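Reviewing the structure listed below.
Naming convention: chains lettered A, B, ... in sequence-line order (proteins, then strands); numbering from 1 in each chain. Computed from a prediction, not measured in an experiment: that's the story for all the values here.
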Amino acid sequence: MSETATTELPFRERLRENPRPALLWVGVLGVLLALEIGAITSVAVTVVSGLAGAVASAAAAVLGGPVVPSIGGAIDGALTSAAHVADGLPSLLSRDVIPNQGYQTPDGTWHGTFLGLEPKYAWLLRLVLVYAYMFAFLWWCWRGYRVYVRHYRFADWTPRDDMVDRLRTHRWGQFGFVVVLLFVGMALFAPAISPTSADQNIYHTSQYDVQYYDADTESVETIAVLDANLDSASRGAGTTNIGPWQYDQYDRFHPFGTMSNPGQDLFTFMAYGARISLAIGLIAIGVSVVLAGGFSMLTAYYKGLVDLSVVFVSDSIQSLPGILLLLLVVAVFQSHWLWEIYNGGLLLALAFGVVYWPGLWRAVRGPALQVAEQEWVDAAKSYGQRSVTTMRKHMLPYLLSYLLIYGSMSLGGVIIGIAGLSFLGLGIDPPTPEWGRAINTGQDYVTTPAWHISLIPGILIVIVVTGFNALGDGIRDAMDPESEGEDAGAGATASGGGA
Amino acid sequence: MSEELLTESRQTTAEPLVEVNGLKTYYDTGGMLGSQPVKAVDGVDFSIARGETLGLVGESGCGKTTLGRTLVQLETATDGEVLFDGRDVTTLSGSELKKWRRNAQIVFQDPESSLNSRMTVGEIIREPLDVHGWPNFTVAVDDPQDRSVSLSGDGTLTDDDQADITVAVGDDDQTVAVREGIPMDESAVKVSTTERGSSVTVSLSVGVSKSRLRRARVRELLKTVGLQEEHYYRYPHQFSGGQRQRVGIARSLALEPEFVVLDEPVSALDVSVQAKVLNLLEDLQEQFGLTYLFIAHDLSVVRHICDRVAVMYLGHIMEIGETEELFQNPKNPYTYSLLSAIPDPDPETTRERVTLRGTPPSPRNPPSGCPFSTRCPVKIRPTEYRDIDEQTWEGIELLGDILRNREQQSVGVRERAKRLLGLETGFDDIVDVVEEVFMPETVETEQSAAERSMADDERLEAALSDVPATVKTHIETAVELIEAGDESQAHQLLTDEFGSVCEHESPEHHPVSDTGRASYCHRHRSEYDEPEPVFDSHLDHD
Ligand code: SF4
């Protein structure tokens, strides 16, 4: 009966009985978090202020009147101070701790950079450390799961274990996972991995200075970033061109080179652009996954008229070319308050969500119908389980993996779609960095020495989209080993290109 | 459980628990072009006594599963009533229906599909308990002075003699009794009373959490169905089919139902485990006084476990009665045919095997009159054709059947459209069909090239050469109609001419033995011969 006695304990008590592994794990996790507390809170503040901004402008639009500005102001103030607090918090891996900006005196020494390293190496060191930190953090989370399985879980086996095992040997899926992580890391740690910050290099270039050693005057001079950028912009043949992995005349290092007018650092542009792409992609896919998942369960559970009406709605949406719908949204809402949130990003994300859910719903409708036919759904009905609970407990777990698969595959499509819109000059408004616009601005220079402006973002988009598809493949094979080799993903990839 | 025990328990509790009157369940499959609903259950009446096991047998597609599912309200009845303890449950909805569901549970056929494989066995069995907030702690207070009683603290007051907790109020102390189904010690219940004049307030607190009780209950159920407590945290994948079916049974028993529908509970299992699960079901019935509706297509299993059997065909109950009696001496022509297919262990009876022609008609478009009339080997013939030889009669029936089938197929959208457009969908060669129907032996073997080159009317003449003149004229008219493309008219003609009461009127359930057995067949009417001698003469004839 001792077996019974232990199985009787709730999780909390199991923890109390054998706290060592858990404490150890939490301790290390705490240290890891503390190292980057500044970066983490600033990301959190960014997200919260984005949301608050959305809510505030929605409120302003809906309610109007004098009340809102004061509330909005209060929230704004609170957020600004939160942002200051976040900035004040130390982050081990930041540009302040490992600076890569400095100037070289004729004797060859570097001033202002981390340990007097060449900016190239200082930047590289920071980049490597940031990614090392991220992978260490994830590895520690995985360890946490293992600790839970070994010490605190009752079941000696769950169906999830098999999935995890299969994913562990799935190289293609792992490739996708790593690519997606690199992309997500780029977005999350954009301030830390960029050679310079977006504020300095993109938004408020006239307010910042850069120091450099002027060989003519033989002294250290200062120039506004605005002017430095203009001087070092890549404009193709015959003029200035700062290609990938080069320094400009102000001793600034550009891993991806510079852009054309007004000459921003391309890597910084891409890193912050990744944030936009990821945010819009996640919101769009989130919206369509929720819609598709919800509708697929409703239609599979109730069938009949509910099914028919959703078929009708989704067919209507699908019969319109997605890109046209998006263009329409952009055109109609251009001066609407919704457009102001995130430079049109939120609206675009919602529009993408609406365009994408019918495809996703079609993809999961079959599995949903299949699950609804299972006798355990009838069983739940037979003892009076509520329909919503039945869908959540007995259908959703089986659809989640499908949603994840198709969601991750469509995410690549959304990223391409936004890039496509920006390429057409319609997506995210400048100066907010967006990958598609980088391609757009660079397209005149493709045949010149400034080819990098278009090519690098283009290649990155291809890699990221491939990565999301590979991840989707991996999840699919992990979930259902029989499907290996089938090319179910091809359709989702192909349909992914919104533009 | 031994036979005697079963008989005894049946006799002591003969009042019906479930009574079904005129029950119909139709499905509207939502086809286009105004298709007919599927008449899965088309008017059945029967009752199941408390503690009894009623078997429900029939070929697949006869509606037995739909009937079972309608009884536990998984399907909505189209018409008729299901009285459970005298209350019509087809009209229940909302919380009333949910409350009633505790009483009637179902065990599904496929143990692969009936358990959610993402949940542990413990969670699966526990779910019904969570849904119904079990245990509800109904409290009965026994007060010798019969004062008005109120309750504070945990639980709700009830007059039910099935209360979870019974408190007997004494002069200066109270005794507490906890119902057997709840795995809780009396000492966990703290009771105090305050008296005020002619009223008494009982305050009660239960010292164990509900979720702990539910877990304990699940472990108890696991043991009850022959599994182990440690299986609580295992997943269905880790079990064999038989073990999974036990989990399904445990889940259906969790809420302590009175009535359980067993939908082919062992047909998906290995033969070696079937017997074990059947024994378990019998033991559970004895232990908890359960009433079963046992749906099966394996007749020997039914014979083994059921007190009474109902035989279903095309949405109707053809015969219903005591198991042994029915198996030994089937009265209904359908039962007779069905049972003739299983080898009789008793060598004394020389029942010959009856092979039925064709397949059952579609429940979307059942025949008029008796549902079995399209295949019945002993169908009543019109008086003027009583003496026609077997082969001719067989031919007439077959021809009618073919026409009927074609009519049914034409229910398909394409055929219908073709017909609407006036396109040809007729026979390739009706004469071939007539030849095959009326001279089955000669067709394959002797038909020579010369014969095949004969003109159609000559071949028809040859095919019908053995057919009596009275029949022949009608067949020829029918063939003409078919050749003119009017098949339904031809079918109508055959039905009018050769049809009988079997096609024209629905039979009634006639009592066919003194134990209350009933059979749905016209042949039990005094003016006709009983089915059995007719069968005998037919089989002798062959
Ligand atoms: S009523 Fe006629 S067709 Fe039906 S079973 Fe009886 S004899 Fe056969």
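- Contacts between residues 388-396 of chain A and chain B, counted as heavy-atom pairs separated by less than 4.5 Å, involve A/K393, A/H394.
- Contact annotation for B/R102: neither backbone nor side-chain heavy atoms come within less than 4.5 Å of a heavy atom of chain A.
- A/E375 contributes atom CD, which lies 4.0 Å from atom OG of B/S113 (distance to the nearest 0.5 angstrom).
- The ring-ring contact (aromatic ring centres under 6.0 Å, His included) check on B/F84 picks up B/W100, with sequence neighbours excluded.
- Distance alone, capped at 3.5 Å, places no donor-acceptor pair between the A/Q385 side chain and the B/P128 backbone.
- The environment of A/R143 atom CZ is sparse: at most 12 non-hydrogen atoms of other residues, nucleotides or ligands sit within 6.0 angstrom.
- For B/Y292, the ring-ring contact (aromatic ring centres under 6.0 Å, His included) test picks out no residue, with sequence neighbours left out.
- The one candidate from B/R101, B/H132, B/Q105, B/E127 that meets the side chain to side chain donor-acceptor pair (under 3.5 Å) condition with A/Y383 is B/E127.
- Contact annotation for B/R118: both backbone and side-chain heavy atoms come within less than 4.5 Å of a heavy atom of chain A.
- Between A/D378 and B/L74, the closest heavy-atom pair is O-CD2, 3.5 Å.
- In this structure, CG on B/N116 lies 3.5 Å from OH on A/Y398, to the nearest 0.5 angstrom.
- Distance OH/B/Y235 to CZ/A/R160: 6.0 Å, rounded to 0.5 Å.
- No more than 12 heavy atoms of other residues, nucleotides or ligands lie within 6.0 Å of CZ in A/F177, so this atom counts as exposed by the packing criterion.
- In this structure, the side chains of B/R234 and A/W157 stay at 4.5 Å or more apart for every pair of heavy atoms.
- For A/P159 against B/S117, the heavy-atom pair with the smallest separation is CG-O, 3.3 Å.
- When heavy atoms are compared at a cutoff of 4.5 Å, B/L255 approaches chain A solely by way of its side chain, counted from C-beta outward.
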Can you give each donor-acceptor pair under 3.5 Å made by side-chain atoms of residues 281-290 of chain A, sequence neighbours left out, with the distance rounded to 0.1 Å?
from, atom 1, to, atom 2, distance (Å)
A/S288, OG, A/A284, O, 3.1
A/S288, OG, A/I285, O, 3.3

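- Chain A forms the most heavy-atom pairs under 4.5 Å with one residue out of B/M119, B/R251, B/K98, and that residue is B/R251.
- A distance of 11.5 Å separates CD in B/Q73 from OG in A/S382, rounded to the nearest 0.5 Å.
- For B/K99, the NZ atom counts as loosely surrounded, since its 6.0 Å shell holds 12 or fewer non-hydrogen atoms of other residues, nucleotides or ligands.
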